[in-house]
Amino acid sequence: MSPFLGSVFWLLVTLGVLVTFHEFGHYWVARRCGVRVLRFSVGFGRPLWRRVAKDGTEYQIAAIPLGGYVKMLDAREADVDPSQMSGEFTAKPVWKRIAIVAAGPAFNLIFTVAAFWAMYIVGKPDVVPLVTAAPASVAAQAGIRPGDRIVAMDGQPVGTWSDAMDVLANALLGTSPLPVRVKGTDGAQRDVVLPLQKLDNTGDIGQRFNQLGLAMAPLPAVVGTVLPGDPASLAGLRPGDRIVAVNGIPVDNFEAFTKLVPDEAKKSPKLSLAIVRDGQPSTVQLTARMKSEEGQPVRWMIGISAVPPEAATLRYGPARAFTESLSATWTGTRNTLGLIGKMLSGEASTKNLSGVIGIAQVANDSANRGLGWFLNFLALVSLSLAILNLLPIPVLDGGHLLYYLIELVKGSPVSERTMIAGQYVGLALLFTLMGLAFFNDIQRMLVS
């Protein structure tokens, strides 16, 4: 599946799951509170599929998948027969209306915990956080050396590459120095402080990360596997051999080696590899071959692959997975609220906002990395939906909750005029945020 089609497909899966769960929260609590539900819709616009239940409730999937809604019996929208007033929404006590509105975000939080729990049960494949720093970069000047293993960041233990990137991404939203503890290739631990205040804070996280110059350590030039019948196998190369030079040109890592082989093979396919086997230097002569793998363009190859990075899969038993899922939900909530606060204060750039295009790309990438990663993605998006919907913006659940809290205090509902004005303000804010996020997505695509 192409990246475009994959992004569209996994975006539809993501929205379908999360919107259905959110709207089911409103639906389920409304029914428990005695409110009649007229329609349960996943998506907006023209129905693609529709069914009417025996109780008269319409269930539908609509053409525009960017949301959904639960339509209830509401006297503000149409006249209600007196015989049906017992199931009318506004006739219910304010606490029931609060419960119905809050149920959508609450169900998103429940889904977040469940998705994190399932992720820890299934396992999320990852690698240990081995890093390097670009020469003369901010990270290099701070003391990061090639092959360092991150042990802790900002006082938090770090066991995987994604853990390290989560902490770093949150830190890059601000300008405070980030303390890091690393373990060098000599086994000794030392403390390093990344001076994030030296980075340009007008860009998004990706731009600031590039300025920092920190990167995953490249794989060493060590043979992992040898393909039978290919030049390397015929020449006698074995797994574990360390390649130190090609035609006398030194090789630092496997990436450099894969670039050097075709460059040298263009001059002559006969290559001389200097290797170290069991501590002893040796030389291997072989002839590279033009070959294509997995639909890639034909290129010069010798038939070896690198030693895979050290794995660090996150996997727990059911009880531990539950406590870890609660912890992950709390950490995600704190980070999301921190991002909102930093953007409102101007400390973090609004360029960090992503829209539908960005979500689709990440959905496809996470799905391709396996079930554990996709569950992690669903959990984070579900949490973001819960928090976004609780913001006190009219047209969102948080705006309705604000109206009902005001009603609790003043003893009477907010006037219809105020609610209509709030609707316009809320729509303006929402479309502004969506437009900004869409602009950021397009700008990132053009830059990349």
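The first residue of the sequence shown is numbered 1, and numbering continues consecutively from there.
- Taking CZ from Arg320 and CH2 from Trp117, the interatomic distance works out to 15.0 Å, rounded to the nearest 0.5 Å.
- Within 6.0 Å of the CZ atom in Phe322, the count of heavy atoms belonging to other residues, nucleotides or ligands does not exceed 12.
- Neither side chain, Gln361 nor Ser7, offers a donor N or O lying under 3.5 Å from an acceptor on the other.
- A side-chain donor-acceptor contact under 3.5 Å links Thr160 and Asp163.
- With contacts defined as side-chain heavy-atom distances shorter than 4.5 Å, the pair Val193/Val180 does not qualify.
- Side chain of Ser382 to main chain of Leu378: no donor-acceptor pair is present (N/O by atom type, distance under 3.5 Å, no hydrogens or angles).
- One N or O on the side chain of Asn247 and one on the backbone of Ser272 form a donor-acceptor pair closer than 3.5 Å.
- Within a 6.0 Å sphere centred on CD of Gln141, heavy atoms belonging to other residues, nucleotides or ligands number more than 12.
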Would you please test Arg369 and Asp365 for side-chain contact (heavy atoms from CB on, under 4.5 Å) and show each step?
CA-CA 6 Å; Arg369 296 174 75 176; Asp365 179 65; 3.7 Å; yes
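- From Met216, atom CE reaches atom CE of Met165 across 7.5 Å, with rounding to the nearest 0.5 Å.
- To the nearest 0.5 Å, the span separating CE on Met290 from CE on Met301 amounts to 11.0 Å.
- More than 12 heavy atoms of other residues, nucleotides or ligands sit less than 6.0 Å from atom CZ of Phe44.
- Summarising the local packing, CZ of Arg334 is surrounded by more than 12 heavy atoms from other residues, nucleotides or ligands at distances under 6.0 Å.
- The aromatic rings of Tyr59 and Tyr27 sit perpendicular to each other, their planes meeting at more than 60°, with 30° as the lower class boundary.
- In this structure, the side chain of Arg39 does not engage the main chain of Thr57 through any donor-acceptor pair within 3.5 Å.
- Here CG of Asn253 is found 8.0 Å from CG of Leu219. Values are rounded to the nearest 0.5 Å.
- Contact check for Thr175 versus Lys198: no side-chain heavy atoms found under the 4.5 Å cut-off.
- Asp278 places no side-chain N or O within 3.5 Å of a backbone atom of Gln280 that could act as its donor or acceptor partner.
- Ion pairing between Arg50 and Glu58 holds under the 4.0 Å rule for side-chain N and carboxylate O.
- Judged by distance alone, with hydrogens and angles left aside, the side-chain atoms of Thr20 form a donor-acceptor pair with the main-chain N or O of Gly16 at under 3.5 Å.
- Residues Met153 and Pro179 have side chains not in contact (no heavy-atom distance under 4.5 Å, counting atoms from C-beta outward).
- Taking the six-membered ring where tryptophan is involved, the planes of Trp28 and Phe107 are tilted, since the angle between them lies from 30° to 60°.
- Proximity of a side-chain donor or acceptor of Thr336 to a complementary backbone N or O of Ser384 within less than 3.5 Å is not detected.
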Test side-chain contact (heavy atoms from CB on, under 4.5 Å) on Asn108 and Leu383 and set out the steps.
CA-CA 6 Å; Asn108 276 131; Leu383 180 60; over 6 Å; no
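- Taking a 6.0 Å sphere around CG of Asp55, one finds it holds more than 12 heavy atoms contributed by other residues, nucleotides or ligands.
- Scanning both residues, Trp373 and Ser366, for their nearest heavy atoms gives CB-O, 3.5 Å.
- Between the side chain of Arg208 and the main chain of Gly174, a donor-acceptor pair closer than 3.5 Å is present.
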Test log, rule side-chain hydrogen bond (donor to acceptor under 3.5 Å, both in side chains), inputs Gln60 and Ser41
CA-CA 5 Å; Gln60 70 176 36; Ser41 178; 3.1 Å; yes
Under the side-chain hydrogen bond (donor to acceptor under 3.5 Å, both in side chains) rule, what do His22 and Asp397 come out as? Steps first, then yes or no, please.
CA-CA 11 Å; His22 177 94; Asp397 292 334; 3.2 Å; yes
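- Side-chain contact check for Thr283 versus Leu273: every heavy-atom pair is 4.5 Å or farther apart.
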Residue pair Asp126, Ser162: steps toward the side-chain hydrogen bond (donor to acceptor under 3.5 Å, both in side chains) verdict
CA-CA 7 Å; Asp126 214 325; Ser162 58; 2.3 Å; yes
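- Judged by distance alone, with hydrogens and angles left aside, the side-chain atoms of Asp148 form no donor-acceptor pair with the main-chain N or O of Ile144 at under 3.5 Å.
- Under a 3.5 Å cut-off, the side chain of Gln189 and the backbone N or O of Arg181 do not form any donor-acceptor pair.
- Contact check for Val138 versus Pro195: side-chain heavy atoms found under the 4.5 Å cut-off.
- More than 12 heavy atoms of other residues, nucleotides or ligands lie within 6.0 Å of CZ in Arg277, so this atom counts as buried by the packing criterion.
- Note that CG of Leu271 and CD1 of Ile249 are 10.0 Å apart. Values are rounded to the nearest 0.5 Å.
- At a threshold of 4.0 Å, the pair Glu310-Arg149 counts as salt-bridged, since one of the basic side-chain nitrogens sits closer than that to a carboxylate oxygen.
- Side-chain contact between Leu227 and Ile304: absent, with no pair of heavy atoms (C-beta onward) separated by less than 4.5 Å.
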Is there a side-chain contact (heavy atoms from CB on, under 4.5 Å) between Leu5 and Phe9 once you walk through the steps?
CA-CA 6 Å; Leu5 292 178; Phe9 175 76; over 6 Å; no
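- If you take CG on Asn364 and CG on Leu11, they are separated by 10.5 Å, rounding to the nearest 0.5 Å.
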Hey, mind stepping through Ile302 and Leu286 against side-chain contact (heavy atoms from CB on, under 4.5 Å) and telling me if it holds?
CA-CA 8 Å; Ile302 66 171; Leu286 53 77; 3.7 Å; yes
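- Under the ring pair (Phe, Tyr, Trp, His ring centres under 6.0 Å) criterion, the residue pairs touching residues 242-263 are Phe254-Phe257, with sequence neighbours excluded.
- Separation of the Trp10 and Phe374 ring centroids falls under the 6.0 Å cut-off.
- In this structure, Leu130 and Trp161 have side chains that are not in contact, with every pair of non-hydrogen atoms separated by 4.5 Å or more.
- In this structure, the side chain of Asp154 does not engage the main chain of Gln156 through any donor-acceptor pair within 3.5 Å.
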